[in-house]
Amino acid sequence: MAQEIGLHSLKPKDGSRHRKKRIGRGEGSGYGKTAGRGEKGAGARAGAKKRVNFEGGQMPIHMRMRKLRGPHMKKSMPFEQFGRTQTQPVNLKDLDARFDSGAEITPESLREKGLATRKDVPVKVLGDGDLGKKLTVRVHYVSKSAREKIEGAGGTLELLVEPKKPKPAKQKPAPPAEPVAEAPEPEEAPEPEAAEPEPASEEE
């Protein structure tokens with residue numbers, strides 16, 4: 001007769017449940033004396049706990065990793081450098097391999113080809129590789145070498161973001177001119193007095 005299955009006959013699978021480990025119940029139990037804590041040390045004391053990121057006193061890996069700098073006080077911050085532009089790069093060799101001549105390249109067409117798949121992140125075309133096709137490129141940014149190669153192959157380039165105008169260099173005000181001391185006029189030398197004629201002697 002088949003065993004009737006119901007809530008009254010359910011039980012755990014054999015081997016899935018184990019008896020609770022009873023420590024400190026005499027040396028005969030196998031977990032007496034030191035109760036599984038080993039010999040003397042920090043782990044054998046009362047209240048001993050191991051932190052998840054504790055690595056035995058050596059420098060933890062999260063402190064060995066590169067630290068991201070914030071905009072203030074040069075402390076470790078959980079965000080990227082202030083003012084840094086996040087872009088996803090695409091090289092010319094990938095455009096040459098995945099697009100036909102005369103194709104129009106946009107962020108949407110790049111995503112369809114498996115390039116620049118991150119959404120809402122600007123695309124920048126870099127000049128790695130050669131380009132032998134005439135393409136119409138419409139992206140956010142482009143490097144100087146990529147621009148030269150695209151235009152050299154007869155293609156056209158259109159940026160979706162207006163390039164930033166370089167700020168005019170601040171000119172330092174010229175230091176005030178020091179007053180030039182006027183040279184003193186030379187004093188006129190006194191005219192020599194005319195010598196009086198000697199009186200004629202009586203012998204003459």
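From a predicted model like this one, the values you see are computed outputs, not experimental measurements.
Within a 6.0 Å radius of CD1 in I5, no more than 12 heavy atoms belonging to other residues, nucleotides or ligands are found.
Residues near V121 contribute nothing to a hydrophobic cluster around it, because no ILVMFWY side-chain heavy atom sits closer than 4.5 Å to its side chain. Residue L110 is found in a hydrophobic cluster whose other members, listed by chain and number, are V90, L92, L95, F99, I105, L115, V123, V125, L131, L135, V137, V139, V142, I150, L157, L159; membership requires side-chain heavy atoms under 4.5 Å apart, directly or through intermediates.
Side-chain N or O atoms of T117 include none that pairs as donor or acceptor with a backbone N or O of G114 at under 3.5 Å.
What you find for D130 and K149 is that their closest heavy atoms are OD1-NZ, 4.2 Å. Between K124 and S143, the shortest heavy-atom distance links the atoms CE-N, 4.2 Å.
Listed by chain and number, the residues in a side chain to side chain donor-acceptor pair (under 3.5 Å) with E158 are R138 (sequence neighbours excluded). Residues satisfying the side chain to side chain contact (heavy atoms under 4.5 Å, CB included) criterion with S101, sequence neighbours excluded, are K133, K134.
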Kindly list each side-chain donor-acceptor pair under 3.5 angstrom involving residues 34-58, sequence neighbours excluded, with atom names and distances?
| residue | atom | partner | partner atom | Å |
| --- | --- | --- | --- | --- |
| R37 | NH1 | G43 | O | 3.3 |
| R37 | NH1 | R45 | O | 3.1 |
| R45 | NE | G41 | O | 3.3 |
| E55 | OE1 | Q58 | NE2 | 3.0 |
| E55 | OE2 | I61 | N | 3.0 |

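Within the structure, salt bridge (Lys or Arg N to Asp or Glu O under 4.0 Å) pairs that include any residue of residues 5-29 do not occur (at least two apart or interchain). Among residues at least two apart or in separate chains, there is no salt bridge (Lys or Arg N to Asp or Glu O under 4.0 Å) pair with a member in residues 106-123. Applying the salt bridge (Lys or Arg N to Asp or Glu O under 4.0 Å) test to pairs two or more places apart or on separate chains, those with a residue in residues 88-103 are K93-D128.
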